[in-house]
Amino acid sequence: MSKSYNIALLGGDGTGPEVLAEGIKSLEAAAAKHDFKLNFTEYDYGGERYLRTGEVLPPDAADELRKHDAIFLGAIGHPDVKPGILEKGILLKLRFELDQYINLRPVKLYPGVETPVKGKGPEEIDYVVVRENSGGIYTGTGGITMKGTEHEVAVQSMVYNYHQVARCLRYAFEYARKHGKKSRGKGEENTLGLVGKTNVLTFVYDLWERAFNDIGESDFADIRRDYYHVDATCMWMIKSPEWFDVLVTGNIFGDIITDLGAMTQGGMGIAAGGNINPEGVSMFEPIGGSAPKYTGQNVINPLAAICAGAMMLDTLGETAAAADIEASVADITANKLKSLAAGRMGYSTTEVGDMVAEGI
Ligand code: IPM
Ligand code: MN
């Protein structure tokens with residue numbers, strides 16, 4: 001009997017459901033070719049549901065989603081809902097409750113795609129950011145006192161414990177060992193670069209750096225270790241992206257540098273991410289938002305969702321199927337699409353989805 005996987009679908013808001021539908025086409029094509037089955041179950045979590053019911057997420061949402069092999073997410077964020085409610089109440093809540101402590105974000109320039117980085121191509125822009133996804137300033141304590149007065153105080157603290165840091169670093173070292181430049185036949189070494197701010201955040205990034213060196217020295221002596229301050233990282237991402245192989249960093253730095261990374265790979269239309277719990281249920285998503293401006297017009301670029309679907313299959317162990325989706329995406333960026341920007345692809349959302357699926 002062929003293998004089968006249960007996938008939870010969270011279309012979410014705005015263009016989320018549109019891009020997810022295109023991702024599903026490729027998943028189905030890859031499943032048919034590689035002889036496995038995907039059972040999809042849809043959930044209506046998102047802004048529309050919140051506005052209708054007043055409930056951001058049902059109380060059993062995480063338990064419900066835990067029953068699946070993986071989660072495929074479109075986008076969260078609704079123009080009629082105050083920023084923060086849905087992002088914190090749905091996206092972040094699920095990441096934390098499902099303990100998806102890794103946010104894996106490849107920065108990969110596909111062939112034929114225009115990058116704003118002058119003189120760089122697919123050979124140079126090809127690395128991966130491992131963003132810690134369970135802690136830091138996202139979950140640190142905080143609050144406001146004396147609100148509305150001259151003496152108002154706002155606190156939002158960056159908090160990490162050794163456990164969170166160590167498990168993220170171990171994942172990143174393992175990832176570098178498996179998928180680093182040497183392992184991919186693209187260089188002499190597999191390298192993990194720690195992105196921090198040891199010159200100012202002398203507590204949190206001191207912990208990261210010590211753990212990085214200790215764990216690296218004792219268990220990953222085959223992996224070369226580099227260190228970059230986060231501000232310098234932004235500089236090198238533009239000037240010499242070819243230096244990077246696998247980067248690992250805390251939650252907020254990872255959030256920021258991957259938007260910059262996405263621009264260097266041609267924009268949010270192609271940037272995919274995986275919220276991964278290596279021991280549990282993971283959730284895959286295009287890293288861009290819900291793009292209310294483009295909703296329902298069949299113009300949004302579905303490639304980020306399609307690539308997120310490929311990451312999902314890769315994580316489920318369907319490596320060949322994932323590679324087929326990626327190859328089909330690369331063929332289309334190289335030979336078909338005029339641009340990756342919404343409305344300027346030369347094709348509609350559904351046409352792009354069909355082309356990728358046919359290519360598989
Ligand atoms: C991302 C997003 C989220 C984050 C927001 C929407 C909460 O920017 O996935 O990068 O900050 O993690
Ligand atoms: Mn972000």
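Both ligands and their constituent atoms are indexed starting at 1 by order of listing.
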* Asked: Out of Leu20, Ile270, Val356, Thr349, which one pairs with Pro302 under the side-chain contact (heavy atoms from CB on, under 4.5 Å) rule?
  -> Thr349
* So, does Lys88 sit close enough to ligand 1 that a heavy atom of it is under 4.0 Å from the ligand? -> no
* If you measure from each heavy atom of Ile287 to ligand 1, is any distance below 4.0 Å? -> no
* Which single N/O/S atom of Asp255 lies at minimum distance from the Mn ion (ligand 2)? -> OD1
* **Side-chain H-bond candidate by donor/acceptor type, Tyr127 with Glu242, under 3.5 Å** => no
* Verify whether one side chain among Asp324 and His34 offers a donor that lies under 3.5 Å from an acceptor in the other. => yes
* To do: Flag Arg131 as yes when one of its N or O atoms lies below 3.5 Å from any N or O atom of ligand 1, and as no otherwise.
  => yes
* To do: Look only at interatomic distance and state if Asn103 has a nitrogen or oxygen under 3.5 Å from any nitrogen or oxygen of ligand 1.
  => no
Heavy-atom nearest neighbour in the protein, as seen from [atom], with distance rounded to 0.1 Å:
atom                   : result
atom 4 (C) of ligand 1 : Tyr138 OH, 3.4 Å
atom 6 (C) of ligand 1 : Glu87 CG, 3.7 Å
atom 2 (C) of ligand 1 : Asp255 OD1, 4.0 Å
atom 1 (C) of ligand 1 : Arg105 NH2, 3.3 Å

* Determine, for Arg224 against Glu189, whether the closest basic-nitrogen to carboxylate-oxygen distance falls under 4.0 angstrom. => yes
* Please state whether the separation between the Mn ion (ligand 2) and some N/O/S atom of Asp259 is under 2.8 Å? => no
* Any atoms of ligand 1 less than 4.0 Å from a non-hydrogen atom of Arg95? List them with their elements. => 1 (C), 4 (C), 9 (O), 12 (O)
* Do you know which two heavy atoms are closest between Pro241 and Lys239, and how far apart they sit? -> CD-C, 3.6 Å
* **Trp236-Phe244 aromatic ring centre distance below 6.0 Å** => no
* Asked: Using 30° and 60° as the class limits, which term best fits the ring planes of His229 and Tyr227: parallel, tilted or perpendicular?
  -> perpendicular
* **Identity of the nearest option to atom 3 (C) of ligand 1, non-hydrogen atoms only, from Leu91, Leu86, Leu73, Ile252** => Leu91
* **Candidates Tyr228, Phe173, Tyr162 - the one meeting ring-ring contact (aromatic ring centres under 6.0 Å, His included) with Phe212** => Phe173
